[in-house]
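Given the structure is predicted, the values throughout are model-derived calculations rather than measurements. Below, all heavy atoms of this structure are taken into account, side chains as well, without hydrogens, waters or symmetry copies. Reminder, nothing fancy here: chain letters follow the sequence lines and each chain counts from 1.
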Protein chains: 2
Amino acid sequence: MTERNVISLDKIKVACRDCSLSALCLPMGLRPEDVDRLHAIVKRNRPLQRGDNLFRAGEPFRHLFVVKTGAVKTFTQTNDGDEQVVGFHLPGEVLGLDAIQDGQHGCSARALETTAICELPFERLEDLSSNIPSLQHQMFRLLSKEISHDAEMMALLGRSTAEERVASFLLSLSERFKRRGFSATDFFLSMSRQEIGSYLGLALETVSRLFTRFQDDKILKVERKHVQIIDIDRLRAMVTHQTDAERHRANPST
Amino acid sequence: MTERNVISLDKIKVACRDCSLSALCLPMGLRPEDVDRLHAIVKRNRPLQRGDNLFRAGEPFRHLFVVKTGAVKTFTQTNDGDEQVVGFHLPGEVLGLDAIQDGQHGCSARALETTAICELPFERLEDLSSNIPSLQHQMFRLLSKEISHDAEMMALLGRSTAEERVASFLLSLSERFKRRGFSATDFFLSMSRQEIGSYLGLALETVSRLFTRFQDDKILKVERKHVQIIDIDRLRAMVTHQTDAERHRANPST
DNA sequence: CGGAGATATTGATCGAGGTCAAAAAACTTC
DNA sequence: GAAGTTTTTTGACCTCGATCAATATCTCCG
């Protein structure tokens, strides 16, 4: 995390008070008065406990949700009964973007631990972004970012080995924790092996085996739900897939 | 497709002339004058030939693209050289949505056959949607739909067998052709087995084998790139994954 | 604290699908 | 239409990770 980012994150923290709206405020920067207008429509939810549903698939869509603290999983159900995890949502991340299109949630969301949530009435958010071009732009970016992320995930699921998937998953968590000011090398997994496996298209046993293998190889220290990344470079080296855009950023001459 | 939608689709066809902007005009229906304003910013591209690039990963993003006729694939490159197909785009479908967030394309796009494209300057589209709330709404829906679609794809790649993936792929094509007024049971695959395999996370040999198996089972007739679906119900039965939302729509009592 | 239920680890086995290889069919180009 | 290239099909084999099973560890609660 660069010095600059720390500063702007702090600024936003003040501007957005204790509510994690930085996804919407950052990084184009709304004017302070626009941030206030955004805040005016935010509802606060009572905290969710582990296992509580935030919403269920099929329910009408009225609000976007932003995770303040804690963690949430989103999932659908396969018709053979068990659940398919489609995403994990950490502080500052937005839920419900898939539901805009047809006015009902396409997946369910459930708290993985004690979790605080902000609620944004979508109609009012739309009205607001009609009047605040930079907010509209930010909304487009937010949705687009989700699409990019999903494309990366599809590439990962489409062609990678189990090792690559687990490494990539850990790196993704690391990145996201870092971005929110938590430790990038030392964090808790609030989701079970089962849930990680479901998300990565692997059996829970495979996830467990890879965790122990990474530990044996001195890449990680895993103690149940607590992960400590020891050699992040070896972890990065496992992830072979690299988008052209990433390559281009790393070496613009090619 | 409900009666109401059919009607509005026809209206749009007229309103949008020969240019496939229905993705943006549909289904909330812009007022005719707004459709005109939208048309005013559309650029027409010269036709692409098979193999021509529409854009490349890393290039600056200025336009959204809509396929008028033909077909396009989007792909990234893995660092072991070969390409990873992330999507196929048929007439009426929009490309470039993943590039809004950081102003550069995250994947490359290449024509699979002779293809006509419309070009929408994104900045002007943003200006326009600030002024036309229903267009803004439509843009949000468009982006959201992409996210839903990606989530479905992730679920497919995460847990399904090869059989399920290929069946699902064919059904998806069938749906999309149907929606655009082409035959739902009789169509050309403009992409190679290689490209299908890459997209579905399978080896090209596996795709080929499944095509012949489906043909032996009298579910399809496949002749090189021409597919004819004979028993679409057996194909549907293979796709076990069903989102809660779908289940809810099918049987709202549960 | 102790017992019950959930969650994680580890081992053994097996099969779906990947990989390699070769032939066949289709498309290209002169 | 012949020669060369690309794409597809089909076969044989093998590997990675799923599945089944047993044990260990954690967590929750009385």
Q) Taking only residues at least two apart or on different chains, which pairs with a member in residues 197-212 of chain B satisfy side-chain hydrogen bond (donor to acceptor under 3.5 Å, both in side chains)? A) none
Heavy atoms under 4.0 Å, any strand shown: does [X] hit a base, just sugar-phosphate, or nothing?
| X | value |
| --- | --- |
| A/Leu204 | base |
| A/Arg50 | sugar-phosphate |
| B/Ala203 | base |
| A/Gly197 | nothing |

Pairwise side-chain contact, [X] with [Y], heavy-atom cut-off 4.5 Å (strictly under):
| X | Y | answer |
| --- | --- | --- |
| A/Arg50 | A/Thr115 | no |
| A/Val67 | A/Leu90 | no |
| B/Val166 | B/Leu202 | yes |

Q.
Tell me which residues in residues 207-225 of chain B lie within less than 4.0 Å of DNA chain C, going by non-hydrogen atoms.
A. B/Arg209, B/Arg224
[X] has an atom [atom1]; how far is it from atom [atom2] of [N], in whole Å?
| X | N | atom1 | atom2 | value |
| --- | --- | --- | --- | --- |
| A/Leu189 | D/dC26 | CG | P | 16 Å |
| A/Met191 | C/dT7 | CE | P | 14 Å |
| A/Leu157 | C/dG17 | CG | C1' | 17 Å |
| A/Glu164 | D/dG17 | CD | P | 10 Å |
| B/His226 | C/dC27 | NE2 | P | 14 Å |
| A/Leu200 | D/dA18 | CG | C1' | 15 Å |
| B/Arg159 | C/dA16 | CZ | P | 16 Å |
| A/Glu205 | D/dC20 | CD | P | 10 Å |

Q.
Quiz question: by atom type and distance under 3.5 Å, do the side chains of B/Asp186 and B/His226 form a donor-acceptor pair?
A. yes
Q. What's the shortest heavy-atom distance between A/Leu97 and B/Ser144, and which atoms?
A. O-OG, 2.7 Å
Q: Tell me which nucleotide among D/dA21, C/dA8, D/dT8 gets nearest to the side chain of B/Arg193.
A: D/dT8
**Q.** Basic-acidic side-chain contact under 4.0 Å: A/Arg213, A/Asp216
**A.** no
Q | Side-chain donor/acceptor of A/Glu163 to base of D/dC16, under 3.5 Å | A | no
